[in-house]
Amino acid sequence: MKNSINRIYYINLHISRMSKSALIILAPEGAEETEVIIPGDVLTRGGIQVEYAGLEGKCPKTGMMRPVKCAKGAQIMPSAAFDDVKDKKYDIVIIPGGPGCSKLAESSCVGGVLQSQFKSGGLIGAICAGPTVLLKHGIKVDEVTGHYSVKDKLIEGGYKYSEDRVVVSGKVITSQGPGTAFEFALKIVEIMEGAEKAKELVKPLCFKC
């Protein structure tokens, strides 16, 4: 009987660990490539299932996802339409930076997802200009960081701004930009899967802490 209970516990623990999930929301145009791909890659290496949701959705004629043209010209094909996944529950919702942030800030649906995530105690990540989207949608946190170009906007909006490369304030993780994307992603893995898991990823990534 004891062995059966142990096996059930192991199975449940395994399923629980595999069920960790992340939603990265992509504006129709202008997401910062590195802030999408690097966190997505690192989280996947950490055993977290990543969904890339395109705000623009599917092409009406073909029913296929529309590729997102990123800030530096790369194109990313979302794995899902935002409208199809906005009501699902994710362990973390991530807002990448880039000029496309303005579209995410304008979207009441994105705001609804962020507010629901915040109120339910789920994690939120935002990098570069991403924290301005949190500000626009009323996500209240004690301290954030972000790209230096939006520092004044964040302070004027009522946030305490930190010069640290990654800041954790309650359930919200923020970071400064493309050059801090690995640190941002590893911090998320550490919070979601533990320090040991994050540490295991450093060597294969050839990343120097």
Evaluation steps, side chain to side chain contact (heavy atoms under 4.5 Å, CB included), between I48 and M192 = CA-CA 9 Å; I48 298 162; M192 294 180 69; 3.8 Å; yes
With E51, which residues qualify under side-chain contact (heavy atoms from CB on, under 4.5 Å), at least two apart?
-> L23, S79, A80, V85, Y90
Quick one: does E183's side chain get under 4.5 Å of T180's, heavy atoms only?
-> yes
Can we say K58 and D83 salt-bridge, meaning some charged N sits less than 4.0 Å from an Asp/Glu carboxylate O?
-> no
E190 bridged to K199 by N-O distance under 4.0 Å = no
Which heavy atom in G47 sits nearest to a heavy atom in E193, and how many Å separate them?
-> O-OE2, 4.4 Å
Check L114, I127, I139 against I95 for a side-chain contact (heavy atoms from CB on, under 4.5 Å) and give me the one that passes.
-> L114
In terms of hydrophobic clusters joined by side-chain contacts under 4.5 Å, are V168 and Y161 together?
-> no
Report yes if the side chains of V110 and F82 come closer than 4.5 Å at any heavy-atom pair, otherwise no.
-> yes
When you measure from the side chain of H137 to the backbone N and O of L104, does any donor-acceptor pair fall under 3.5 Å?
-> yes
Taking all atoms of both residues into account, what is the closest heavy-atom pair of K20 and D91, and its distance?
-> CA-OD2, 3.0 Å
Transitive ILVMFWY side-chain link V133 to V167, under 4.5 Å | no
Sort and list the pairs that fulfil side-chain hydrogen bond (donor to acceptor under 3.5 Å, both in side chains) and have at least one residue in residues 110-134, not counting sequence neighbours.
-> K89-Q117, K89-S120
Counting only N and O atoms by type, is there a donor-acceptor contact under 3.5 Å from the side chain of E35 to the main-chain atoms of A181?
-> no
Could you tell me the separation between the CD atom of E143 and the NZ atom of K160, rounded to the nearest 0.5 Å?
-> 5.0 Å
If you take all heavy atoms of G73 and E33, which pair is closest and at what distance?
-> N-OE2, 3.2 Å
Just checking, any donor-acceptor pair under 3.5 angstrom between side chains of T174 and T145?
-> no
Determine, step by step, whether L134 and V144 satisfy the side chain to side chain contact (heavy atoms under 4.5 Å, CB included) criterion, reporting the C-alpha distance in whole Å, the side-chain angles of both residues, the deciding distance to 0.1 Å, and the verdict.
-> CA-CA 10 Å; L134 308 189; V144 300; 5.7 Å; no
Group every Ile, Leu, Val, Met, Phe, Trp and Tyr by side-chain heavy-atom contacts under 4.5 Å, then state whether V42 and V166 land in the same group.
-> yes
Carefully, step by step, assess L205 and R45 under the rule side chain to side chain contact (heavy atoms under 4.5 Å, CB included).
-> CA-CA 10 Å; L205 290 168; R45 290 168 184 261; 3.6 Å; yes
Which heavy-atom pair separates S107 from L55 by the least distance, and what is that distance?
-> OG-CD1, 4.1 Å
I94 vs I25 side-chain heavy atoms within contact, under 4.5 Å | no
Minimum heavy-atom distance C128-P178, with the two atoms named = SG-CD, 4.4 Å
How about E163 and K151: do any of their side-chain heavy atoms sit closer than 4.5 Å?
-> yes
Is the CG atom of D142 crowded by more than 12 outside heavy atoms at less than 6.0 Å?
-> no
Is the number of heavy atoms from other residues, nucleotides or ligands within 6.0 Å of CZ (F207) greater than 12?
-> yes
Between E32 and K72, is there a salt bridge with N-O shorter than 4.0 Å?
-> yes
Verify same cluster id: M65, I24 (apolar side-chain graph, 4.5 Å) = no
When rounded to the nearest 0.5 angstrom, what distance separates CD1 in I155 from CG in L135?
-> 11.5 Å
Check G100 against A27 and note the closest heavy-atom contact, atom names and distance.
-> O-CB, 3.2 Å
Interatomic spacing from CG in L26 to CZ in R66 - rounded to 0.5 Å = 14.5 Å
Side chains of P131 and V150: closer than 4.5 Å at any heavy-atom pair?
-> no
Taking C-beta and beyond as the side chain, do P67 and M77 meet within less than 4.5 Å on heavy atoms?
-> yes
So NE2 of H147 and OG of S175: to nearest 0.5 Å the spacing works out to 11.0 Å
Hphob cluster co-occupancy, F184 + I76, side-chain heavy atoms under 4.5 angstrom | yes
I188 versus L43: any side-chain heavy-atom pair under 4.5 Å?
-> yes
Any Lys/Arg nitrogen of E200 or K197 sitting under 4.0 Å from an Asp/Glu carboxylate oxygen of the other?
-> yes
Does some side-chain heavy atom of I92 sit less than 4.5 Å from a side-chain heavy atom of I124?
-> no
